[in-house]
Amino acid sequence: FATAAAETYAAADSSGAAAFSEAGPGWVGRWWATRRTRSATTPGWWPQQVQHPRNVANTVSAQLERMPTDGSVDGLKWDSDAAEGFREVVKKLPTDLRTLETRYATVARAMEAFTITLRACKAEVARGYADAHRASADAAAAAHGVRNMQDHDAAARAAANQANATGAPGTAPSIPQPWPGPD
């Protein structure tokens with residue numbers, strides 16, 4: 001869906017209205033019909049996208065567990081101006097990595113929550129599509145029934161007119177037969 005939406009928006013003007021008006025009515029149904037054989041819950045690529053930030057957060061967390069403590073940094077045997085700079089960077093590294101871990105974990109939780117919402121929305125779209133398909137079939141059946149009624153009415157009038165035109169003078173006029181089917 002994201003690819004189709006991106007292509008639609010890419011073709012649109014700045015307001016985005018052009019793409020939807022050019023697509024015409026029913027474009028969502030046509031688009032969905034081409035994709036309904038795919039997963040009814042999430043696109044195939046989505047689980048990997050959700051898992052990636054979780055993997056990064058877990059990797060950073062594992063690295064934090066193996067990092068030396070602040071006290072062990074002071075025991076480094078390196079004397080120079082660069083060594084002092086290195087010690088300062090190493091002292092800040094756990095805090096920076098903890099921040100990185102927190103951010104990736106937050107993104108992972110947000111994507112996991114979005115996955116739940118995405119599944120619910122896709123299920124609702126599938127139900128809506130099925131309802132629309134049934135309604136379309138019902139409307140087509142009703143239109144067919146109306147055409148049958150109209151055809152019967154036209155044929156009954158033609159038969160009555162023919163009978164009246166060829167009937168003997170003084171005979172009772174022929175009345176068109178009413179529709180025998182359901183209304």
Side-chain angles (χ1 to χ4, degrees), residues 1-67 92-157 177-183:
F1 180 76
T3 303
E7 290 168 1
T8 302
Y9 279 110
D13 62 5
S14 61
S15 69
F20 290 106
S21 63
E22 290 171 13
W27 73 270
V28 172
R30 289 190 305 272
W31 174 84
W32 180 256
T34 63
R35 285 154 179 82
R36 64 184 163 172
T37 57
R38 295 182 184 174
S39 169
T41 55
T42 57
W45 51 266
W46 184 252
Q48 292 85 14
Q49 297 299 317
V50 172
Q51 191 58 40
H52 179 70
R54 175 68 60 210
N55 291 344
V56 171
N58 291 342
T59 300
V60 170
S61 179
Q63 293 298 324
L64 278 167
E65 295 298 321
R66 290 194 297 251
M67 282 197 68
K92 289 194 268 180
L93 190 58
T95 303
D96 293 344
L97 286 176
R98 187 68 62 202
T99 300
L100 183 67
E101 175 197 17
T102 301
R103 288 179 181 170
Y104 269 95
T106 300
V107 168
R109 282 191 304 276
M111 290 177 78
E112 289 160 356
F114 176 74
T115 299
I116 293 167
T117 303
L118 179 63
R119 284 183 183 134
C121 289
K122 287 189 76 172
E124 184 66 26
V125 166
R127 283 190 298 275
Y129 179 78
D131 290 348
H133 185 67
R134 280 191 298 278
S136 177
D138 291 348
H144 181 71
V146 168
R147 280 190 304 276
N148 283 346
M149 280 178 61
Q150 292 169 340
D151 291 348
H152 173 79
D153 184 54
R157 285 180 192 270
Q177 294 298 314
W179 168 250
D183 288 338

Side-chain heavy-atom pair Arg109, Arg54 within 4.5 angstrom cut-off: yes
First locate atom [atom1] of [X], then atom [atom2] of [Y], and finally report the distance between them rounded to the nearest 0.5 Å.
X      : Y      : atom1 : atom2 : value
Asp153 : Met149 : CG    : CE    : 8.0 Å
Met111 : Leu118 : CE    : CG    : 10.5 Å
Gln150 : Asn148 : CD    : CG    : 9.5 Å
Gln63  : Glu101 : CD    : CD    : 11.5 Å
Cys121 : Phe114 : SG    : CZ    : 7.5 Å
Thr99  : Lys92  : OG1   : NZ    : 12.0 Å

Check: [Y] main-chain N/O paired with [X] side-chain donor or acceptor under 3.5 Å:
X      : Y      : value
Thr106 : Thr102 : yes
His152 : Pro178 : yes
Ser61  : Ala57  : no

Exceeds 12 heavy-atom contacts within 6.0 angstrom, atom CD of Gln177: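 Atom CD in Gln177 is not packed in, count stays at 12 or less.
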Looking at every heavy atom in both [X] and [Y], which two are closest together, and how far apart are they?
X     : Y      : value
Leu64 : Pro94  : CD2-O, 3.6 Å
Val50 : Glu112 : CG1-CG, 3.6 Å
Val60 : Leu97  : CG1-O, 3.2 Å

Pair Arg134 + Asp138: basic N to acidic O under 4.0 Å: no
